[in-house]
Every structure is written in C-alpha cells, then in structure tokens.
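Heads up: the structure comes next, in structure tokens.
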Amino acid sequence: MEQQLSENIRLNQVGYYPNAPKMAVVVGEMEDGEFYVKTPDLQETVYTGQLTATKAGEFSNRPTRVADFSNYKEPGSYVLVIPGIGHSYEFEIDRDVHKDVAAASIKGFYYQRMSTDLPEQYAGKWARAAGHPDNEVLIHPSAVSTQRPAGSVISAPRGWYDAGDYNKYIVNSGISMGTLLSAYEDFPGFYKNLELNIPESGNNVPDILDEALWNLRWMMAMQDPEDGGVYNKLTNPSFEGMIMPAEASKPRYVVQKGTAATLDFAAVMAQASRIFSNYESEFPGLADSALVAAVKAWSWAQRNPNVDYDQNAMNKQFKPEVSTGGYGDKDYSDEFIWAAAELYVTTKQDTYYNEVNMLPDNKMPLPSWPQVRLLGYYTLNRFSSELTPAAQKDLPEIQKRLVSFADELIDGADTRTYRTVMGKTEGDYIWGSSSVAANQGIVLIQAYQLTDNKKYLKAALSNLDYLLGRNATGYSFLTGFGEKSVMKPHHRPSVADGIEEPVPGLLSGGPNARADKQDNCTTYQSSFADEMFTDDDCSYASNEIAINWNAPFVYLAGAIEALQDRAAL
C-alpha cells in the first residue's frame, strides 16, 4: 500500500523553505501512528513523526490528521509516506522554493496580453497570433460626449484579457494594477532581478513594471480627453465563444463612464506616476502624463461622485445591449479613499487627503474589486516617513487597525483542519476564493512589515500552502505547478488552443460555496463549501481565472520570497 500515490495527503506540492513550518493534512480513516518523510524512490527514510489525533473537517466532517515535519530542514526532494494510506506528491525543501511560482504568476499576465502576437521565443508551446487590435473601437451610445458622438471611433489597444473572456474592464484593472505596483513598491530589490522572458526583458526596467505598462497604456486610452471621465470597459456586446483571440471579430465598444472606474483609474495613474518617475530616460514624459491623467480623473469624480455603472438600466436605454461583466458598484467611499491616498502621496498636497474621510468607520474590509480602501492604507503605511501632519495624525490608528485585522485573521488558524488562515468561515469560499486567500496573505505581510513578528509571515505562508495544495480539494490552484494542478480552467485560449496543458501561471478561482447554482456545471463532486470546486472548463464559478486573482498571488508569493532571508525561513 505504501507504494501507492494517495491524493488524500494534502500538502504544498511545490515545497517548503528549510526553516519554515512544513505540514501535510491526511484525509480519511486511519490508525494512530507514524508518518515518514522519504526520498522519492521510497528507499530512504529521512524523518519520522507522529500524526496528530483525528479531527473532523469544519465543513465536511471528514476525519483528518496532520503530519508536521517542520523540524526536518535538509534541502532536497521528498515524499511523505503514511502507512496504510500511501505516499504524497513529490515536493522540494529548498531556499527560493517559490521563486518560479512568483515569476510564473507574473508571466501569466504576459499570456493575457492583447493586440500583439505571442511568439514561441517568449510563449513556448502557448505561442499564438495577436487578437483584438482594438485600434477601431466604437463609442457606445451610453458613452457619448460632445467630441465623441455615438459610433465614432477611438483607438485603445494593448491591455490584458480580464479573465477567461476577451474584454477589458477598468474597475478590475484598478485593483489588479494597484496590487502589482504595490508588490514592486514594497519589494523593489526582489523584482529588480526577476527576469520573466518577456519581449522587454533585458532593458533597464524590472519585468514586473514592463508587464504592468502593457496594461497602463491601455488604461490611459480609456479616459475621455475632453472631461477626464473614464469609460467602464472596452467590450464586445456579448461574450465570444470558446475560440482563440485571433478568431474573435465582434465589434468592440467603450461604454458609459462611471465614478468607480474613474477613481480606480486616478489611483493607478497616481501610483504609476510615482514609480515611473524613476524611469524618465526609458519612458520620457510617462510619469507626467500619468499624473495629469490622475488629476483630471479626480476632478471628474468630484463633479460626478455618484455615477453608477448599472448595466441593466443602460441596456433599457441604449443599444446594442451589453451582457459582459458589469463590475457594478454603488458605494464609492473606498475608491475615494484609495485615489486620495495615492494622489496625496505622489503630489505631497494635503488637499487630496483632506477632501476625503480616511477613517469613515472601524471596518477593515479585505480588498476585492468593489472594496479597495485598504490599498490606500497600504500606501500611506508604505510612505509613513514621508507623510505631512495631515496624514500623520491618522497613521497610528491605521497601523493599529491593520495589525488588529491580521490578529483576527490568525485567530484559530493553528487548530483548523488545514492549519491555514483561509477557511475560518464559509464566507471565505466565495466566487474567486483563491484571491481571498491571497489578499489575506497580503494583510498578514503588511502586519509583519509593521511589527517584525514572524507569526504573521508564517500565517501568510500557510495561505500560500493552501493555494498550492494544502486544501480540501487537494488541487494546486496555480496552473503548471504541482502534480495535481488545475488542468481545465475556464479560459478561452486554454480551451481552444488544442494543447493539453493550460496556459501556465494562472490562478483558478477555487472553491465557491454556491458555484453549482451559479454556473450549472454538472461535474461538482461535493456540496461542502471548501470542496465546491471542479476542474472543468464549464465551471466559471469555481475554475475561471482573472487578473484580480493573479495579482494578489503575485504579491503573496513574491513577498515571501523577498522576505525569506530576513525572516530566516
């Protein structure tokens, strides 16, 4: 029996740092007893440990035990063996063990590029022809202005495909860009040396910034130069079929401006201006242009503080009807906080800070596309030594709340079935739950940066373990990593390209407690919240990919890699 590979041994299928916690969870009935860490050929036992007592899973009540082999620190390749159960997937113990994962999750954005060929030199077997030049985009009747009547044509190329579909959404680009740019600002030394093999590799600019710039250039074209407002999205009226990008040819539109899109745009442009001001010789004028765009967008939002993007209402009034992702939001207090924080830090002008209530309540909402408040707090904290008295007065409270939120997240993790921060309640298992795990990790890394207390970094690492296999499904949710990783994501190029393996470096949405009711996919095997997942491309409610899920994964994996020496992992 020991010779059998068992999917019931759940662990980080990529591996572990020598001095970091190392745990696996074994699911199913078994005898009390020992576990063994062995060489992959099963010939040599390098560590023997004792399984914990049985504990029922929080959602399924399945019996589980934990194998903790944190004390084994020798670099190498190993498997975990449980007598009567079998052996685990192979894993590594090593320094830099997540470096390839961190790089691939950024390279995932390269594979989402539009308006350009992806040649084999950079894309390998996933090379493809350009799709969506977007140099002849129509102004939708909902988006007209004096200079741009309905049906007039603008050019807005580049950008990333937002998810498994072929459209571009400013709101979702907002949090994705803010998270990627924050990863760079927090750990510039790590990203300076991280080569991704993209067309821009080898210039004097970190590849993560080169990749972000592909999307930034598109975002800049989404601002109406006349009034500063920003269109909600660039889209087909309806979703394309499961075809390759170059085969998709429906007309493309920019649709109605909105307050959320305009403020997200303002925040990203202000942050980008700050970053790219250090690369003036490589990108002359870019930082200035981005700041001008941010200021114009802010002014529009102040004049239009409550413009909803309500797709149903829009479709009653204008044709063609649009049925692609809405990203509709009705509360803009968080977008105002984020945009104000970025503009304030970039310009050092108190007016931006003072025009917004930065602490409207006691809440610390986990970032998501409709809730971006904490991105503003992260930035204020990042530049704490440069703040004027206007912001200094609030900083202790913001920092206290961040650490308190981190403590809330950690509470109980060491007694939960999978020993992860992720999964405290069913509420963690929403559409895109993988991004919940990753964004929780970012909060914990912020707390570590503030306190230097290693418990926060170890807790963040538990969520990376979750995403790479130590979870109730047993899947590694990042394509291309782990022996049991997602193979059939809801992602048009991965479905249509005829290649067995999906495009690598993309993060699947993960378990969603209501997925079966949202997409009517028939291959779900379980109704428990933490198991409601199916590796099937029909499952857009549990197995789609999206840039706003990949971005926090980039931050989490990169931050832990960057901090491993400081934390002696």
Side-chain angles (χ1 to χ4, degrees), residues 134 137 139 142-143 145 148 154-160 162 167-182 212-235 254-276 286-309 325-329 331-347 352 355-356 367-373 375-376 379 547-548 551:
D134 284 347
V137 178
I139 301 289
S142 65
S145 59
R148 292 180 164 184
I154 65 168
S155 178
R158 303 194 192 194
W160 300 311
D162 175 75
N167 305 302
K168 300 186 276 197
Y169 308 83
I170 287 288
V171 167
N172 216 36
S173 268
I175 187 170
S176 305
M177 289 287 283
T179 304
L180 288 175
L181 294 175
S182 293
L213 188 54
W214 191 264
N215 200 62
L216 190 79
R217 299 271 195 206
W218 162 67
M219 290 181 74
M220 293 175 98
M222 291 292 284
Q223 184 175 45
D224 186 338
E226 185 184 355
D227 63 11
V230 178
Y231 306 114
N232 187 273
K233 58 181 172 176
L234 194 164
T235 186
V254 292
V255 298
Q256 182 202 313
K257 298 163 192 165
T259 302
T262 303
L263 285 168
D264 285 341
F265 174 96
V268 169
M269 290 298 151
Q271 189 176 15
S273 173
R274 192 166 68 231
I275 291 168
F276 285 105
L286 175 63
D288 289 344
S289 298
L291 187 55
V292 168
V295 171
K296 282 188 78 168
W298 176 261
S299 298
W300 187 92
Q302 285 193 302
R303 298 192 305 274
N304 300 274
N306 285 297
V307 179
D308 292 345
Y309 180 74
Y327 291 108
D329 190 4
D331 177 2
Y332 309 114
S333 59
D334 57 300
E335 285 87 1
F336 270 107
I337 287 170
W338 181 31
E342 300 296 351
L343 275 157
Y344 161 73
V345 166
T346 297
T347 65
Y352 293 110
E355 281 167 6
V356 169
S368 59
W369 64 259
Q371 183 47 261
V372 291
R373 184 201 301 190
L375 273 65
T379 288
I547 57 173
N548 65 310

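Basis for what follows: all heavy atoms, side chains included, without hydrogens, waters or symmetry-related copies.
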Item to check | Residue pair Trp300, Gln223: steps toward the side chain to side chain contact (heavy atoms under 4.5 Å, CB included) verdict | outcome: CA-CA 11 Å; Trp300 187 92; Gln223 184 175 45; over 6 Å; no
Checklist entry - When you measure from the side chain of Lys296 to the backbone N and O of Pro225, does any donor-acceptor pair fall under 3.5 Å? => result yes
Checklist entry - Which distance, rounded to the nearest 0.5 Å, do you find between the CE of Met222 and the OH of Tyr231? => result 8.5 Å
Item to check | Criterion side chain to side chain contact (heavy atoms under 4.5 Å, CB included) on Val307 and Gln256, from CA distance to verdict | outcome: CA-CA 10 Å; Val307 179; Gln256 182 202 313; 3.8 Å; yes
Checklist entry - Can you name the closest pair of heavy atoms from Ser145 and Asp224 and give their distance? => result OG-OD2, 2.9 Å
Checklist entry - Does the pair Val254 and Ile154 meet the rule for a side chain to side chain contact (heavy atoms under 4.5 Å, CB included), with working shown? => result CA-CA 9 Å; Val254 292; Ile154 65 168; 4.1 Å; yes
Next on the checklist: On a heavy-atom basis, which atom in Ala261 and which in Val230 lie closest, and how many Å separate them?
Outcome noted: CB-O, 4.1 Å
Checklist entry - Are Lys257 and Asp227 within salt-bridge range, i.e. N to O under 4.0 Å? => result yes
Item to check | Any Met220 side-chain heavy atom under 4.5 Å of Leu286 side chain | outcome: yes
Item to check | Thr259 side chain vs Asn304 backbone, donor-acceptor pair below 3.5 Å | outcome: yes
Checklist entry - With a 4.5 Å limit on heavy-atom distance, are the side chains of Leu234 and Trp218 in contact? => result yes
Item to check | Verdict with supporting geometry, Glu355 and Trp298, side-chain hydrogen bond (donor to acceptor under 3.5 Å, both in side chains) | outcome: CA-CA 11 Å; Glu355 281 167 6; Trp298 176 261; 3.2 Å; yes
Checklist entry - Taking all atoms of both residues into account, what is the closest heavy-atom pair of Ala340 and Val356, and its distance? => result CB-CG2, 3.7 Å
Item to check | Value rounded to 0.5 Å, distance of CG in Leu181 from CD in Gln271 | outcome: 4.5 Å
Checklist entry - Which atom names give the shortest non-hydrogen contact between Val268 and Gly174, and what distance separates them? => result CG2-O, 3.5 Å
Item to check | Heavy-atom closest pair, residues Leu375 and Glu342 | outcome: O-OE2, 4.0 Å
Checklist entry - Taking the side chain from Tyr327 and the backbone from Tyr169, do they hold a donor-acceptor pair closer than 3.5 Å? => result no
Checklist entry - Do side-chain atoms of Asn548 reach the backbone of Ser176 as a donor and acceptor pair under 3.5 angstrom? => result no
Checklist entry - Does Ser182 use its side chain to pair, donor to acceptor, with the backbone of Gly178 at less than 3.5 Å? => result yes
Item to check | Flag side-chain contact, heavy atom, 4.5 Å: Asp264 against Ile175 | outcome: no
Checklist entry - With distance as the sole test, does Lys168 use its side chain to make a donor-acceptor pair with the main-chain N or O of Ala156 at under 3.5 Å? => result yes
Checklist entry - Backbone N or O of Ala270 within a donor-acceptor pair of the Thr346 side chain at under 3.5 Å? => result yes
Item to check | Within the 6.0 Å centroid threshold, strictly below: Tyr332 and Trp338 | outcome: no
Checklist outcome for this item: In this structure, CG of Leu216 is separated from CZ of Arg158 (nearest 0.5 Å) by 10.5 Å
Next on the checklist: Quick check: do Tyr352 and Val295 have side-chain heavy atoms less than 4.5 Å from each other?
Outcome noted: yes
Next on the checklist: Could you check whether any side-chain heavy atom of Ile337 comes within less than 4.5 Å of a side-chain heavy atom of Val372, counting everything from C-beta outward?
Outcome noted: no
Checklist entry - Between Asn232 and Gly326, which heavy-atom pair has the shortest distance, and what is it? => result OD1-O, 3.6 Å
Next on the checklist: Could you measure the distance from the CZ atom of Arg274 to the CE atom of Met269? Nearest 0.5 Å is fine.
Outcome noted: 13.5 Å
Item to check | Gap between atom CE of Met219 and atom OG of Ser173 - 0.5 Å precision | outcome: 5.0 Å
Item to check | Sub-4.5 Å side-chain heavy-atom contact between Met177 and Asn215 | outcome: yes
